[in-house]
Amino acid sequence: MKKIAIAFAIVVLLVAGFVTWKAWCSKDVDILAIGNFLVLTFTLVVLVWYAYDTNAIAKVTQQRWLREGVLSTTYSLQLLGEKGQAGRTLVQLHNPSTLIVRAKINFNFRVYGEPISAGGLYDGKDVWLLFPQQMSQGWFEIESLLQKKGKSVSTMIAECTSANREDQVTMVLELEFWDELGARRKLPSRRHYFDFERWAWIPQLAERTEAQ
C-alpha cells in the first residue's frame, strides 16, 4: 500500500511538472491558472498520503482489537475435592478484553478408549458466551462420566496400575474462540489423562513430531 501511494504521488508530480512546463513555454502564459493547477496538484498528493496514513491507522487498530480480543482469552481447569470423591472439575474461560467472545469446547472424553459424552457444553455442540472482562465457569464430575460406562471412582482407583494409568480416563481438549469482530483463534488440541494415583489431570506437555 505504501509503495502504491508513493508511486501515485510521483506520477502526479511528474505529470504536473510536465504540464506546468508546457504551459509556461506557451505564448499565452496564465500565471493564475498555473498557480491554481499546482495548488490542486499538491492538494491531491496530500490527500493520497492522508488516505494511506488513515489506512495504516485502521490496520493498527484492527490488530490491537485482535490482540485484546480472542488472543487474550484463556482457559483453566481446576480439580476440587479429595482423592476418592466425585472428582469435580471446574472449567473456566477468561475474557479480559472489551469484546464479547464466544467459544466452543470439545473434551473428547474416553474411558478405556471408549468415547463418552459430558453434555453439549463440553462436546463442542453448545456455544459459550463470554462477556467483556468476565469469566464464565462450568463443571463436570469424573464420577458421572464413569457411571455411564458402569464404572466408579473407587473401581478406577483399584484398577490403576503403572501400565494403564495414562489410558483409564483421557480427554483431547479442542478449544476455539471468536469475537464479535469476526476474529478467530483455534488452540492446538491437547491430550490429558486423569491419574487416579496422583488424583490430578495430567496434560501432555510436548507436541509430538515425526522423526526426521
Side-chain angles (χ1 to χ4, degrees), residues 69-97 99-132 134-180 182-211:
V70 292
L71 291 183
S72 63
T73 308
T74 60
Y75 78 95
S76 62
L77 301 176
Q78 182 180 359
L79 183 65
L80 302 180
E82 302 295 330
K83 181 177 179 179
Q85 296 181 350
R88 175 170 293 193
T89 304
L90 295 184
V91 182
Q92 299 173 332
L93 300 183
H94 307 262
N95 177 21
S97 76
L99 300 175
I100 294 177
V101 174
R102 290 172 171 81
K104 276 191 175 183
I105 308 176
N106 189 356
F107 281 95
N108 297 292
F109 288 110
R110 291 179 179 270
V111 176
Y112 285 124
E114 296 183 8
I116 192 169
S117 173
L121 275 177
Y122 309 101
D123 292 344
K125 297 178 181 178
D126 296 337
V127 176
W128 292 62
L129 185 61
L130 313 180
F131 286 94
Q134 291 187 11
M135 178 188 69
S136 294
Q137 179 174 284
W139 57 270
F140 61 86
E141 289 184 344
I142 297 174
E143 180 73 28
S144 299
L145 296 176
L146 295 174
Q147 288 177 355
K148 295 179 180 180
K149 292 297 182 180
K151 298 285 188 177
S152 67
V153 168
S154 58
T155 301
M156 300 298 273
I157 292 176
E159 295 176 355
C160 181
T161 65
S162 57
N164 70 6
R165 67 194 311 166
E166 295 187 13
D167 300 310
Q168 287 184 291
V169 175
T170 63
M171 67 177 176
V172 179
L173 178 61
E174 297 175 329
L175 185 56
E176 183 176 11
F177 300 105
W178 65 95
D179 63 28
E180 56 189 300
R184 305 185 77 91
R185 180 192 186 195
K186 187 173 183 179
L187 300 182
S189 59
R190 191 179 192 188
R191 186 182 187 273
H192 298 66
Y193 70 91
F194 190 80
D195 192 324
F196 285 91
E197 178 64 29
R198 289 184 283 178
W199 196 248
W201 284 104
I202 309 299
Q204 178 178 303
L205 298 180
E207 183 178 17
R208 296 179 180 176
T209 57
E210 296 181 0

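The first residue in the sequence is number 1, and the count goes up from there.
- Considering only heavy atoms from C-beta on, P132 comes within 4.5 Å of I100 through its side chain.
- To the nearest 0.5 Å, the span separating SG on C160 from CG on D195 amounts to 5.5 Å.
- Smallest separation of non-hydrogen atoms from S189 and V172: CB-CG1, 3.9 Å.
- Just one of I105, T73, T74 meets the side chain to side chain contact (heavy atoms under 4.5 Å, CB included) condition when paired with L93; it is I105.
- Closest of all the heavy-atom pairs between S72 and S97 is OG-CB, 3.9 Å.
- At least one side-chain heavy atom of R191 sits under 4.5 Å from a side-chain heavy atom of Y193.
- In this structure, OG1 on T89 lies 6.0 Å from CH2 on W201, to the nearest 0.5 angstrom.
- For S117 against K148, the heavy-atom pair with the smallest separation is O-NZ, 2.6 Å.
- Summarising the geometry, atom CG belonging to L173 is positioned 12.0 Å from atom CD belonging to Q204; distances are rounded to the nearest 0.5 Å.
- Ion pairing between a basic and an acidic side chain is recognised when a charged N comes within 4.0 Å of a carboxylate O; E114 and K149 show such pairing.
- By the 6.0 Å contact criterion, CZ on F131 is open, its count of non-hydrogen atoms from other residues, nucleotides or ligands being 12 or less.
- Under the salt bridge (Lys or Arg N to Asp or Glu O under 4.0 Å) test applied with E176, the options R184, K104, R102 reduce to a single match, R184.
- No donor-acceptor pair closer than 3.5 Å links the side chain of N164 to the backbone N or O of Q168.
- Counting heavy atoms from C-beta on, the side chains of Y75 and V91 never come closer than 4.5 Å.
- In this structure, the side chains of W199 and V153 come closer than 4.5 Å at one or more pairs of heavy atoms.
- Put simply, the side chain of F194 does not reach to within 4.5 Å of the side chain of M156, judged on heavy atoms.
- One distance of note links CG of L175 with CG of L187; it measures 5.0 Å at 0.5 Å rounding.
- Taking every heavy atom of both residues into account, W128 and L121 meet most closely at NE1-O, 3.0 Å.
- In this structure, the side chain of N108 does not engage the main chain of E174 through any donor-acceptor pair within 3.5 Å.
- Closest non-hydrogen pair, I157 versus G84, comes out as CD1-CA, 3.9 Å.
- F177 has its side chain out of reach of N95: every pair of non-hydrogen atoms, C-beta onward, lies at least 4.5 Å apart.
- Nearest heavy atom pair, residue R110 against residue G113, reads NH1-O, 2.7 Å.
- The CZ atom of R88 sits 7.5 Å away from atom CG of L80, with the distance rounded to the nearest 0.5 Å.
- Looking only at side-chain heavy atoms (C-beta outward), R190 and L205 come within less than 4.5 Å of each other.
- Expressed to the nearest 0.5 Å, how far CD of Q92 lies from CG of L77 amounts to 8.5 Å.
- Aromatic rings from F140 and F109 are positioned such that their centres are separated by under 6.0 Å.
- Side-chain contact check for K83 versus E197: some heavy-atom pair is nearer than 4.5 Å.
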